[in-house]
Amino acid sequence: METFANVFQCAAREASADNPVVQMRGKWHEQHFRNDHPIVLELGCGRGEYTVGLAQRYPEKNFIGIDIKGARMWAGAKQAVQAGLPNVAFLRTNIELLEQFFAAGEVDEIWITFCDPQMKKATKRLTSSWFMARYSHLLRDGGLIHLKTDSPFLYVYTRELVRLNGFPVLADTDNLYAADDAPEYNEARALRTHYEHQWLERGMTIKYLCWSLPQREAYEEPDIEIEKDNYRSYGRNYVSKSDN
């Protein structure tokens, strides 16, 4: 990981003001991408499939994949280097620390793809009101958040949070590939991750929700009973039909 110029690493214990990665805050355009194109984050990027795939499709945007697990991220970082993609970077750190690495309004969009639904603790969910407050500190006002998930629990929870807070919705479907051909679904349909192929092979539906996040001082948390998911993903070593 340390040999890749497109990878930045900062553990929680190292996130002090004098850390070079923390000092990138507010300077990603100037010091890394060398342009003023919009910045898009993929949270919990894993192998960086969306980070790299979207960067290839949209060279007019900059993409940063964020995850704490370097072994998975390494694959995407290597792919981006081999493909010569100047609009890709990876940040290895805890998602809870995002505000230390991005200045107010520095980010235009956030993608959350197939994250753990964290059914036991709301504050750990990447779409919770706790995280919305943190995203609002680095997103431009009205910046977009995309959720693509297999989890009925996370989809219902997030949909209720969006409704409760009155966020403007740009796209919403509980079955992405059965929805109509409206253009708001094109970006979400364009790429399929390793885990997405797993779910589709198992006959599960993919949910997609995209909304605009207005800047506020606080956001409301849903207080509803939601049926828990009753399935688990395959292990990381599982090979799907699409991998053959």
Side-chain angles (χ1 to χ4, degrees), residues 1 4 6-10 21 24 28-29 32-33 37-81 83 85-102 106-118 124-128 131-132 134-136 138-140 143-151 154 158 170-171 176 185-197 199 206-213 236:
M1 292 282 281
F4 292 138
N6 63 353
V7 172
F8 301 84
Q9 303 186 82
C10 185
V21 184
M24 289 287 291
W28 286 91
H29 287 111
H32 181 71
F33 293 115
H37 299 168
I39 290 178
V40 182
L41 307 183
E42 183 193 1
L43 306 185
C45 68
R47 302 177 182 185
E49 294 159 283
Y50 250 80
T51 301
V52 174
L54 289 174
Q56 292 173 319
R57 292 179 62 85
Y58 303 101
E60 72 281 6
K61 295 182 180 181
N62 301 314
F63 295 86
I64 304 176
I66 301 172
D67 208 313
I68 192 60
K69 297 180 179 178
R72 300 182 193 179
M73 182 183 290
W74 176 86
K78 182 179 180 181
Q79 183 182 356
V81 170
L85 297 174
N87 60 330
V88 173
F90 288 91
L91 173 59
R92 184 184 180 187
T93 193
N94 298 90
I95 294 174
E96 293 84 352
L97 302 178
L98 282 180
E99 295 169 82
Q100 298 195 45
F101 303 104
F102 299 97
E106 192 171 13
V107 175
D108 282 73
E109 296 181 49
I110 290 174
W111 277 85
I112 303 170
T113 54
F114 301 97
C115 65
D116 187 328
Q118 298 288 350
K124 289 188 175 183
R125 293 171 204 153
L126 293 185
T127 59
S128 69
F131 273 104
M132 290 302 118
R134 277 137 191 85
Y135 300 155
S136 71
L138 49 104
L139 273 173
R140 63 173 174 80
L144 300 182
I145 300 180
H146 307 259
L147 172 69
K148 194 174 181 185
T149 182
D150 58 282
S151 169
L154 186 62
T158 305
L170 282 74
L176 179 62
Y185 299 128
N186 291 346
E187 197 171 11
R189 285 172 169 157
L191 300 168
R192 296 187 184 185
T193 69
H194 172 78
Y195 283 109
E196 183 172 359
H197 283 293
W199 308 131
I206 304 302
K207 293 82 174 156
Y208 174 63
L209 186 60
C210 176
W211 67 95
S212 173
L213 185 67
R236 275 187 288 169

Taking the side chain as every heavy atom from C-beta outward, state whether F90 and D67 have any atom pair closer than 4.5 Å. no

Between T149 (side chain) and K207 (backbone), is there a donor-acceptor pair under 3.5 Å? no

To the nearest 0.5 Å, what is the distance between CD (E106) and CZ (R140)? 14.0 Å

Would you please test F114 and I206 for side-chain contact (heavy atoms from CB on, under 4.5 Å) and show each step? CA-CA 9 Å; F114 301 97; I206 304 302; 3.9 Å; yes

Please lay out, stage by stage, how K124 and D116 fare under the test side-chain contact (heavy atoms from CB on, under 4.5 Å). CA-CA 9 Å; K124 289 188 175 183; D116 187 328; over 6 Å; no

Would you say E187 and L54 make side-chain contact, with heavy atoms under 4.5 Å? yes

Classify the ring geometry between F4 and W74 as parallel (under 30°), tilted (30 to 60°) or perpendicular (over 60°). tilted

Within a radius of less than 6.0 Å around NZ of K78, do more than 12 heavy atoms belonging to other residues, nucleotides or ligands occur? no

Okay, side chain of R125, backbone of Q118: is any donor-acceptor separation there less than 3.5 Å? yes

Between N94 (side chain) and E96 (backbone), is there a donor-acceptor pair under 3.5 Å? no

Determine whether the side chains of H146 and E109 contain a donor N or O and an acceptor N or O closer than 3.5 Å. yes

Gap separating the CD1 atom of I110 from the CG atom of L144, nearest 0.5 angstrom: 10.0 Å

Considering all heavy atoms of both residues, which atom of V52 and which atom of G76 are nearest to each other, and what is their separation? CG2-O, 3.6 Å

Is R189 reaching over with its side chain to a backbone N or O of L176, donor-acceptor style, under 3.5 angstrom? yes

At what distance, to the nearest 0.5 angstrom, does NE2 of H32 lie from CD1 of I39? 9.5 Å

CE-CZ distance between M1 and R92, expressed to the nearest 0.5 angstrom: 5.5 Å

Got M132 and L213 here, is their nearest side-chain heavy-atom distance under 4.5 Å? yes

How far apart are the closest heavy atoms of G44 and I95, and which atoms are they? N-CD1, 3.5 Å

Let me know which of E42, E196, K148 forms a side chain to side chain donor-acceptor pair (under 3.5 Å) with T113. E42

Quickly, which of T127, V107, L41, L43 forms a side chain to side chain contact (heavy atoms under 4.5 Å, CB included) with Y135? Name it, please. L43

Answer yes or no: is there a side-chain heavy-atom contact under 4.5 Å between W111 and F63? no

Test log, rule side-chain contact (heavy atoms from CB on, under 4.5 Å), inputs L85 and Q56: CA-CA 7 Å; L85 297 174; Q56 292 173 319; 3.7 Å; yes

Shortest non-hydrogen contact between A89 and F33, atoms and distance: CB-CZ, 4.0 Å

Test your reading of the model: is there a side-chain donor-acceptor pair from Y208 to the backbone of Y185, 3.5 Å cut-off? no

To the nearest 0.5 Å, how far apart are CZ in R192 and CD in E49? 13.0 Å

Which residues share a side-chain contact (heavy atoms from CB on, under 4.5 Å) with C115, sequence neighbours left out: I112, L126, L154

Under 3.5 Å, is there a donor-acceptor pair between the side chain of R47 and the main chain of M73? no

I66 CD1 to L97 CG distance, which is reported to the nearest 0.5 Å: 10.5 Å

Would you check if the side chain of W28 reaches a backbone N or O of F101 as a donor-acceptor pair within less than 3.5 Å? yes

Does any part of the side chain of W211, heavy atoms only, come nearer than 4.5 Å to the side chain of L147, both counted from C-beta? yes

Looking only at non-hydrogen atoms, find the nearest pair between T51 and C45 and report the distance. OG1-CB, 4.0 Å

Which heavy atom of N87 sits nearest a heavy atom of K61, and at what distance? ND2-O, 3.0 Å

Validation row: D150, Y195 side chains within 4.5 angstrom (heavy atoms): no

